Amino acid sequence: MGNKLLLVFTLMLTGLLSWGQSLNIGGHRAVYDSRDSIWLCSVPQSLFGNNFTAVITYDNTVTGFTIDGTAVASGSTFTFVGIEGGKNYAVTAHVDNADITGDITFTWLPVVELNGEFGKEYQYGIVTVNEPDSAFAEPLTARLKWRGSTTNSNSKNKRNYRIKFVNPEDSTKENHRFFGLRNDNCWILDAGQSDFLRIRNRVNTDLWLDMSRRPWYTDTLPNAHNGSRGQVVEVILNGEYVGIYNMCEPIDRKQLKLKRYDEENGVVHGALWNAFEWSRTVTMSDPLDRKPGKREWDGFEVKYPDPDEIGLVNWDALDKAVMFAKRVSKSTNSRQLTVDSLGYYFDVPVMQDYYIFIATIQALDNESANIYYSTYDTQGNQRLTMTPWDLDASLGQSYSPYLNGQPNLAPERDMSWVSNVPLYSMWDVKVLRDPTVDRYYQLRETLLNTDNLVNRYRSAVNELEDCGAAAREEQRWSRDSDLANKVLDLSTEMDKVENWIRRRMNYLDEFVFIYRDDDVLPPPPPEYPKGDVNGDYEVNITDVNALIEIILGGEDLSEGRSDVNEDHEVNISDINADIDIIFNKTSNK
């Protein structure tokens, strides 16, 4: 896009904001939601529970303006009595010889405005981030697109977004800092699209950042973060409220502080890969042959250095680690091989914390997929560090709202769902397992204390309720098809999560994180019957429904069981095979 054209586009988008977007309260922009005729204004939390006297300004096209029946001239003051979450102050504005009515309400969450038309490819738009402690929010030019895999199918409504801020004059990258986090051009808006708590991903990630030990290479890199920091915000898209989001940093080289690519000499140093979907390659058990020069490898993707930018694809450290894990899975002496070499290929303390983490929240979608693997410098120690991503399918919730309530989501489920070879091999070796159990009980005294854990999630939900965001979210999205047309009630969901956590921690203490001799292994879990796609040890119509969900674009967490007819593809023929199994089982009764 040419410089002048981009600037004109920016001005046009800014001009699309109606007179309703010109309302300013005490220096804070009040953002108009045309869907519910509400001005949403972000102010400091300290104002809640108090009166707020503020200077009111608005556009000169407004010839009359009242708040709660009191006429308020632009530039004069008004006192909002007893600010609290969900409390509304009635507004009438006289514009173009007509009276327009609505309400003003306050939140202490940042309010993010997106303006533009967005889809699966990057489009230019305007982003305004209204922070509660800031008296001025500047409209910023950015390129935006929808992001996600199953969350990005055509049937979805509450979208995730990737934002790349640019200079409006020449479209070059432009960095911005929000919420005291990093100063960067790239940010993500995570919708929590199918999460009935809305903040599982944000709170889970914060738990990981608090509990995990730092990667092995970070002693001299205090600004390295092995996870995505973020802030819960409320979003208004083209003048309509779309609810609670997690605005967060991406996982990239800058976040992990990996060593930069040497452009002058064409040498790869730091490297980053993403396991974006479950496969036997991603579990490192039976990897497919890798095709040279391709940036994807059966569920893995090269993220840094970007092959499109440097003209080559680097798999070196990850390839070696995957081949080592394959040897472990096939070896008759797998335990000794794990003891001798696991720490050469993987950052074991981080891996131990990762096992504890996914076991605690039962992150079924994160034991193999939704993991970033990184190495600080391929020219030195190539040890890989693990970083979790996308933690919605946890705490008793499935990746699909249609599958919630399945037996495999119960807090008493064992750890047989971990198919990642390095993880379960580590757990199978006493000299690595015992320190992991020690670490678990250290964390049980602090961050993983049951009450502390419950309070972490309940405090996050209470904040949404106390600032009014929970009610706005429930009104906007309850019974939406993203949630399988179910009621959205954050308080009720939190009660379920608390019960789940308390049962889960008791189960982990008694049956998982226990000391045992190497030669006294727990009995293997029963094998899943053929056709048991949803993992409840039965084959019935629910497995057919799960297959339909997967074929229509839902995420496949079946660990290979969805390939019922074993032709290495998942399609309608597997549905027919599953129906045959059900029919034959019924006929033989």
Side-chain angles (χ1 to χ4, degrees), residues 20-21 23-33 35-58 65-70 72 76-91 102-113 128-137 178-181 192 197-199 202-203 206 229-236 241-247 454-477 488-495:
Q21 301 289 21
L23 180 61
N24 192 287
I25 302 173
H28 300 273
R29 179 179 172 81
V31 186
Y32 187 61
D33 166 26
R35 180 185 178 91
D36 296 309
S37 299
I38 286 179
W39 283 267
L40 183 62
C41 187
S42 177
V43 297
Q45 185 176 354
S46 59
L47 293 178
F48 279 64
N50 299 302
N51 296 341
F52 176 34
T53 300
V55 175
I56 309 297
T57 61
Y58 46 81
F65 193 78
T66 66
I67 305 176
D68 279 350
T70 300
V72 181
S76 64
T77 61
F78 180 83
T79 298
F80 297 90
V81 177
I83 289 179
E84 57 187 64
K87 183 175 182 178
N88 293 338
Y89 302 85
V91 170
D103 294 285
I104 292 171
T105 196
F106 293 93
T107 181
W108 66 66
L109 297 179
V111 176
V112 177
E113 302 169 67
T128 309
V129 181
N130 301 279
E131 299 191 48
D133 296 318
S134 174
F136 177 73
F178 306 106
F179 326 124
L181 302 179
L197 201 63
R198 287 323 207 202
I199 42 78
R202 179 67 268 144
V203 180
D206 288 339
R229 301 177 300 170
Q231 167 68 47
V232 178
V233 302
E234 298 186 70
V235 174
I236 292 183
Y241 186 79
V242 288
I244 295 166
Y245 276 74
N246 164 29
M247 185 168 176
V454 168
N455 289 339
R456 178 181 287 265
Y457 295 94
R458 191 168 287 283
S459 294
V461 172
N462 287 345
E463 179 161 329
L464 298 179
E465 292 177 335
D466 291 346
C467 73
R472 288 186 285 273
E473 179 77 10
E474 290 163 356
Q475 180 181 352
R476 179 65 179 84
W477 293 111
L488 180 63
D489 185 324
L490 272 63
S491 179
T492 298
E493 181 70 7
M494 183 60 231
D495 290 342

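Residue numbers start at 1 and run along the sequence shown. Note: hydrogens, waters and symmetry copies are ignored here, and every other heavy atom, side chains too, is used. Not measured: the values here are computed from a predicted model.
Considering only residues two or more places apart in sequence or on other chains, Arg202 meets the side-chain hydrogen bond (donor to acceptor under 3.5 Å, both in side chains) condition with Asp206, Asn246. Considering only residues two or more places apart in sequence or on other chains, Glu465 meets the side-chain contact (heavy atoms from CB on, under 4.5 Å) condition with Val461, Asn462, Ala470, Ser491. The side-chain hydrogen bond (donor to acceptor under 3.5 Å, both in side chains) check on Tyr89 picks up nothing, with sequence neighbours excluded. In this view, Arg35 satisfies the salt bridge (charged side-chain N to carboxylate O under 4.0 Å, His left out) rule with no residue, not counting sequence neighbours. Residues meeting the side-chain contact (heavy atoms from CB on, under 4.5 Å) test with Leu488, sequence neighbours left out: Phe196, Arg198, Glu473, Glu474, Trp477, Ser478, Leu483, Leu490.
Under the 3.5 Å distance criterion, the side-chain polar atoms of Ser76 are left unmatched by any main-chain donor or acceptor of Val72. With Arg29 contributing its side chain and Asn130 its backbone, the two residues share no donor-acceptor pair below 3.5 Å. In terms of modelled atom types and a separation under 3.5 Å, the side chain of Thr77 and the main chain of Ala54 share no donor-acceptor contact. Counting only distance, with no hydrogens or angles, the side chain of Asp68 and the backbone of Ala90 share a donor-acceptor pair below 3.5 Å.
Counting heavy atoms from C-beta outward, Phe106 and His28 have side chains that stay 4.5 Å or more apart. Side chains of Tyr241 and Arg472 form a contact here, defined as non-hydrogen atoms less than 4.5 Å apart.
For residues 46-57, every residue pair satisfying the side-chain hydrogen bond (donor to acceptor under 3.5 Å, both in side chains) rule, not counting sequence neighbours, is listed here: Thr53-Thr79.
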